**Student:** 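Here's a structure for you.
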Amino acid sequence: MTKPFQIRLPDGSVREVEPGTTPADIAAAIGPGLAKAALAARVNGELRDLTRPIEGDAELALVTARDEKDALELVRHDYAHVLAEAVQNLFPGTQITFGPATEDGFYYDFAPSPERGPFTDEDLPAIEAEMRRVISQDAPLVREVWTRDEVRAFFEKTGERFKAEWVMELPEHETITMYRSGEWVDLCRGPHLASTGKLDPNAFKLTRVSGAYWRGDQKNAMLSRIYGTGWLNKKQLDSHLVRLEEAAKRDHRRIGAEMDLFHLQSEAQGSVFWHPNGYIVWRALEAYMRRRLDATGYREVRTPQLMDARQWEQSGHWGKYRENMFVVPDEIPSTDDEAPILSGDADLMALKPMNCPAHVLIFRQGIKSYRDLPIRMAEFGCCHRNEPHGALHGIMRVRQFTQDDAHIFCREDQLIDEIREFCDLLDSVYRDLGFDNYAIKLALRPDQRFGSDADWDKAEQILREAVHAAGRDTEDYGWEELPGEGAFYAPKLEFHLRDAIGRTWQVGTIQADTVLPERLDASYVGEDGQRHRPVMLHRAILGTFERFIGILIEHHAGRFPAWLAPVQAVVATIVSDADDYAEEVVRTLRAAGIRAEADLRNEKINYKVREHSLKKVPNLLVIGKREAEERTVALRPLGVDARQEVVSLDAVVARLVAEATPPDLRPN
RNA sequence: GCCGGGUUAGCUCAGCUGGUAGAGCAACCGCCUUGUAAGCGGUAGGUCGUCGGUUCGAGUCCGACACCCGGCACCA
């Protein structure tokens, strides 16, 4: 007989068990409570099925619902599995593909039979019901090791084309496992719970359907994806659903309408109509950014909206980016109703999708010395990109946008410092704007690109080093590298923020580019008297005003900090006798630079409080007979639990002025 | 661009199996001079996204297109 295995438990104790023992056996040996609560096990750190025998001496930790991260991952993966089984029960002929756990749930991608067609929302209740039935069967989930050929033969026989294709691409040495629940079998790496009955039939909900390309490639078949959210118990599910409702209330499109910030309409799809209120936010943000850039050695420029196609050919945009550009014929349209409006053979111009080529053209004016570098050239540049229709999203993803763009022309030996300084500036700006949480990614060379591999090796390495030097390549910053996601001319560091419902958006970026200076022949005279190529750093902090304001709205739920708020104070009267004094208060506030309005309407104070609260006005100054007589105001800051206090006119002006001062202009 | 859903009054939405439109809020008018998140009453407001088809008759059924929403792909 083989000798017993030594199993070390988290409390440090060691148990001797016979070969063939499973984590479930050990849990049972420790106690019936644990046996019942155990969902899976970590064996030498690896998450495994409870019923999979231990193969040797090991560290073992049993995973229960208390280990929430592991437990949720397991449960969600199992829900996906149950979803697939339910769908195949209800719709024979549907092929299965993949179904992973996601951040708050799971999905499964199916290839429905052609007769059946893609799933719709209306299918979901029946599928949910079938999932509950599958769960109630409480079938054990059994892990089986198969050979590649067995799996392929099996799926070819059952008509599972996608699974048969996939198994052949698994790495040679990988152990191929199938999981069986009752009659149903799926190719799956696992691990799974011991049986479907471990799932709470009331802790999941199918949320939506969508299309998704097989293996994420547009060239492949469109599959039908079903999304769900899944939790350990109903209470968690319910609170998640409440969170979703709350998040919907923060939606920038909804708040944009409520606060009268902007609108969109189909005649200018993908372009924003900024209303006076929204444009105040924009201008405050722009003024702030301009001060920050002025203070850190940037010089602002302004470049043409339209440039000749030949210029875009030279920069490389025509070849690699044309499908995203708006092209305009350089021709006076015919006014003759009988004749075609355009001849069709005019020279072409294009609206700029980026500011970089124009900045190189400025750089090229006159001879630059190494002493002139770095040159930090900034532009609040308005760009147009012809985005795919399906990509447009509120003001977060639009076709006309304004970037807080800048290009830093520098020598190679200046790169690391420039990037590090940029990271510091970006960090400081994000904090000023209320974001202390952002993620940094490094997007590496894409398939479609200019420049030699050696250039890319160098550029990628510089960005890595600079982030490391800035101490930001850590888990706190969600640091990761994204192969294939760089721009066509350069790798980029991406800075991401989260929206109300947890989607992340790239805002800031910095890209180290040696290609464009080469293509557009930018050079400087070095210490050695020779011409050298500068490196160009493309960088933005907000990214675009449109997207950034969208995120600001959602992040603050419309309650902008006072310095950004469209209206900073409303003076609301209780009785009309106070009108004159209220108008005086507004005049005084405005003279002090506060964006203040009077509300003298014949309405109850309750009505006015409610209305201005919904408009997220940060300060409500209530004036009744008493305040008018005493030359005070009742200051009621925005917020349900805000206490109001009666203060003198002078005091309220001082307080609001302090609050409305942008963060970079505040004392200390 | 791809898959699914949607488009009815300024906003949010109802309108079953086809018989020329309805609520709440907002707006307007009147009453109320009001004390911290909706005071009361009244009036007006829509060629039901666009175009075409089926039908005696279309908001409702069918088709095309446009836009919006959720994903996918693409991206700031």
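Reminder, nothing fancy here: chain letters follow the sequence lines and each chain counts from 1. All of these numbers come straight from a predicted model, not from anything done at the bench.
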**Student:** Using a 4.0 Å heavy-atom cut-off, does Gly211(A) contact any base of the nucleic acid, only the sugar-phosphate backbone, or nothing at all?
**Tutor:** base
**Student:** Are any of the side-chain nitrogens in Lys615(A) or Glu597(A) under 4.0 Å away from the carboxylate oxygens of its partner?
**Tutor:** no
**Student:** For a quick check of understanding: with a heavy-atom distance under 4.0 Å over all strands, which category does Phe119(A) fall into, base, sugar-phosphate or nothing?
**Tutor:** sugar-phosphate
**Student:** Just grab all the salt bridge (Lys or Arg N to Asp or Glu O under 4.0 Å) pairs involving residues 206-226 of chain A, residues at least two apart or on different chains.
**Tutor:** Asp109(A)-Arg225(A), Glu165(A)-Arg215(A), Glu169(A)-Arg215(A), Asp217(A)-Lys219(A)
**Student:** Using purine N1 to pyrimidine N3 plus N6-O4 or O6-N4 for Watson-Crick, or N1-O2 and O6-N3 for G-U wobble, both under 3.5 Å, which nucleotide pairs with rU12(B)?
**Tutor:** rA23(B)
**Student:** Could you tell me whether Arg385(A) contacts a base, only the sugar-phosphate backbone, or nothing, with contacts defined as non-hydrogen atoms closer than 4.0 Å?
**Tutor:** base
**Student:** Can a salt bridge be assigned to the pair Glu584(A) and Arg631(A) using a cut-off of 4.0 Å between side-chain N and carboxylate O?
**Tutor:** yes
**Student:** Using a cut-off of 4.0 Å on non-hydrogen atoms, how would the nucleic acid contact of Phe401(A) be classed: base, sugar-phosphate, or nothing?
**Tutor:** base
**Student:** Quick one: is rC72(B) close enough that its OP1 or OP2 comes under 4.0 Å of any side-chain N or O from Tyr227(A)?
**Tutor:** yes
**Student:** Given rG71(B), rA27(B), rA37(B), identify the nucleotide with an atom nearest to the side chain of Tyr607(A).
**Tutor:** rA27(B)
**Student:** State the pairing partner of rA64(B); accept Watson-Crick or G-U wobble contacts with both distances under 3.5 Å, and report none otherwise.
**Tutor:** rU50(B)
**Student:** So which nucleotide from rC75(B), rU33(B), rA37(B) ends up closest to the side chain of Ser613(A)?
**Tutor:** rA37(B)
**Student:** Base of rG35(B), side chain of Glu627(A) - is there a donor-acceptor contact under 3.5 Å?
**Tutor:** yes
**Student:** Can you find an N or O donor on one side and an acceptor on the other, under 3.5 Å apart, linking the side chain of Arg254(A) with the base of rC11(B)?
**Tutor:** no
**Student:** Within the 4.0 Å heavy-atom criterion, would you say Gly394(A) contacts the bases, only the backbone, or no part of the nucleic acid?
**Tutor:** sugar-phosphate
**Student:** How close do Lys441(A) and Trp479(A) get, heavy atom to heavy atom, and via which atoms?
**Tutor:** C-CZ3, 4.3 Å
